[in-house]
Amino acid sequence: MKEPAVSADPTQVLAFETDCHIFDGCGFPAPGLHSFLFEPLVGHQDDAVYFNKTMLLALLGSIVVIGFFWAAFRKPKVVPGKLQMVAEAGYDFIRRGVVYETIGKKEGEKYVPLIVSLFFFIWMMNLWSIVPLAQFPVTAIISYPLVLALIVYILWVSLTFKRHGFVGAFKNFTGYDKSLGAVLPLSMTIEFFSNLLVRPFTHAVRLFANMFAGHTLLLLFTIASWYLLNGIGIAYAGVSFIMVIVMTAFELFVQALQAYVFVLLACSFIQGALAEHH
């Protein structure tokens, strides 16, 4: 039986035998970890520094986001054109619907640029999943969500110490409440590890896991559509292809939702750092 082939071509996303179909004596080439690995475009895998497809997509995504807002606002008009109107709508949605609603207008205004940048960068990284030739969500690689979560984590911790001082920050991180009585030490221990260790991890994993799972499902139905395209299997291939379309539409929703959830949680962390401890 034929085994799924992992191509050395760094642009290949769907790593499977192109001549493998049902009833041909070869097994179903299910997607796996090999579907998330790419050969370096520059350098070698064993090198300390190399450049691969996901890094290229992250770089291009940054250029796309910066280029979009630069084109929209380089010559702003009182009566905005279509591009400026779309950019303003997106910016205002995050500013008012996320930052102001969570942190407040007075405290939150200074964090609007960061939160807007995070939202559109993450959204673009997610959108690569359905862009022809790219066909891969950068955030399905855990290192990218981890770095983004680390940025929020450092900001949150530094703001907490700056606003409350060492003692106040300690109370903030541990959920200190003397009314808890005898269970206070246990409660403080749980809150400490939950806030300083678990929170940044779950912040990153939530984004990563959703995009990883979504991309795997898209791969599964896409490969199945091709694999079943033989004999009586053509009827099943049609059903599988319909699922590809359905899952693509669903992924469009999830991609925007996960970017929204990430920045919403980031704002809630910042709000918690700025809030007075009682």
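Residue numbers run from 1 in the order of the sequence given.
Phe120 pairs with exactly one of Ile66, Val263, Ile115, Val65 by the side-chain contact (heavy atoms from CB on, under 4.5 Å) rule, that one being Val65. Residue Phe173 forms a ring pair (Phe, Tyr, Trp, His ring centres under 6.0 Å) with just one option from Phe269, Phe161, Phe192, and that option is Phe161.
Once rounded to the nearest 0.5 Å, the distance linking CD of Gln271 with CG of Leu159 reads 12.0 Å. How far OH of Tyr111 is from OG of Ser117: 15.0 Å, rounded to the nearest 0.5 Å. Note that CH2 of Trp128 and CG of Leu56 are 8.0 Å apart. Values are rounded to the nearest 0.5 Å. Here the CG-CG distance, from Leu155 to Leu114, works out to 6.5 Å after rounding to the nearest 0.5 Å. Taking CG from Leu37 and NZ from Lys53, the interatomic distance works out to 12.5 Å, rounded to the nearest 0.5 Å. Going from atom CG of Leu127 over to atom CD of Gln255 covers 5.0 Å, rounded to the nearest 0.5 Å.
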Expected list for residues 138-152: side-chain donor-acceptor pairs under 3.5 angstrom, two or more places apart:
{"unit_1": "Thr139", "atom_1": "OG1", "unit_2": "Asn126", "atom_2": "OD1", "d": "2.4"}
{"unit_1": "Tyr144", "atom_1": "OH", "unit_2": "Thr54", "atom_2": "OG1", "d": "3.3"}
{"unit_1": "Tyr144", "atom_1": "OH", "unit_2": "Met55", "atom_2": "N", "d": "3.4"}

Under 3.5 Å, which donor-acceptor pairs do the side chains of residues 237-254 form with other protein atoms, sequence neighbours left out?
{"unit_1": "Ser240", "atom_1": "OG", "unit_2": "Phe221", "atom_2": "O", "d": "2.8"}
{"unit_1": "Ser240", "atom_1": "OG", "unit_2": "Ser225", "atom_2": "N", "d": "3.4"}
{"unit_1": "Ser240", "atom_1": "OG", "unit_2": "Ser225", "atom_2": "OG", "d": "3.0"}
{"unit_1": "Thr248", "atom_1": "OG1", "unit_2": "Val244", "atom_2": "O", "d": "2.7"}

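In Phe212, the CZ atom is crowded: over 12 heavy atoms of neighbouring residues, nucleotides or ligands sit closer than 6.0 Å. Around CG of Leu33, the count of heavy atoms belonging to other residues, nucleotides or ligands within 6.0 Å does not exceed 12. Counting heavy-atom neighbours within 6.0 Å of Tyr100 OH, excluding the residue itself, gives a total above 12. The local environment of CZ in Phe51 is crowded, with over 12 non-hydrogen atoms from other residues, nucleotides or ligands closer than 6.0 Å.
Residues Arg96 and Glu101 have side chains not in contact (no heavy-atom distance under 4.5 Å, counting atoms from C-beta outward). Taking 4.5 Å as the limit, some side-chain heavy atom of Phe68 sits within range of a side-chain heavy atom of Leu83. With a 4.5 Å cut-off on side-chain heavy atoms, Trp156 and Arg199 count as touching. Put simply, the side chain of Arg206 reaches to within 4.5 Å of the side chain of Gln258, judged on heavy atoms.
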TODO: Quick one: do Leu218 and Ser129 satisfy side-chain contact (heavy atoms from CB on, under 4.5 Å)? Show the steps, please.
DONE: CA-CA 9 Å; Leu218 276 176; Ser129 175; 3.7 Å; yes

Task: Step-by-step side-chain contact (heavy atoms from CB on, under 4.5 Å) determination, Met125 to Leu57 - done: CA-CA 7 Å; Met125 295 304 96; Leu57 291 178; 5.8 Å; no

- [ ] Could you go through the side-chain contact (heavy atoms from CB on, under 4.5 Å) check for Val112 and Ile94 one step at a time?
- [x] CA-CA 8 Å; Val112 170; Ile94 300 301; over 6 Å; no

Task: ring pair (Phe, Tyr, Trp, His ring centres under 6.0 Å) evaluation trace for Phe36 with Phe136 - done: CA-CA 8 Å; Phe36 294 82; Phe136 189 83; 5.6 Å; yes

- [ ] Run the numbers on Met188 and Tyr176 for side-chain contact (heavy atoms from CB on, under 4.5 Å), then give the verdict.
- [x] CA-CA 6 Å; Met188 290 177 64; Tyr176 176 81; 3.8 Å; yes

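Nearest approach of Tyr260 to Gly97, heavy atoms of both residues: OH-O, 4.3 Å. Contact record, Ala87 with Phe73: CB-CZ, 3.6 Å, taken as the closest heavy-atom pair. Contact detail for Pro137 and His215: the closest heavy-atom pair is CD-ND1, 3.4 Å. Nearest heavy atoms, Tyr227 versus Pro29: CD1-CD, 3.8 Å. Across all non-hydrogen atoms, the minimal contact from Phe121 to Ser62 is CE1-OG, 3.2 Å.
No donor-acceptor distance shorter than 3.5 angstrom exists from the side chain of His203 to the backbone of Leu265, with no hydrogens or angles considered. Ser35 places no side-chain N or O within donor-acceptor distance of the main-chain N or O of Pro31, the cut-off being under 3.5 Å. No donor-acceptor pair under 3.5 Å is formed between the side chain of Ser187 and the backbone N or O of Val183.
For Arg95, the salt bridge (charged side-chain N to carboxylate O under 4.0 Å, His left out) criterion is met by Asp92, not counting sequence neighbours.
Linking ILVMFWY residues whenever their side-chain heavy atoms come closer than 4.5 Å, directly or via other members, places Leu274 and Phe166 in the same cluster. Clustering ILVMFWY residues whenever any of their side-chain heavy atoms sit less than 4.5 angstrom apart, transitively, puts Leu197 in a cluster other than the one holding Ile190. Following chains of ILVMFWY side-chain contacts shorter than 4.5 Å, one can reach Leu257 starting from Phe208, so the two form part of one hydrophobic cluster. Grouping the Ile, Leu, Val, Met, Phe, Trp and Tyr side chains by contacts below 4.5 angstrom, directly or via other members, places Leu196 apart from Val198.
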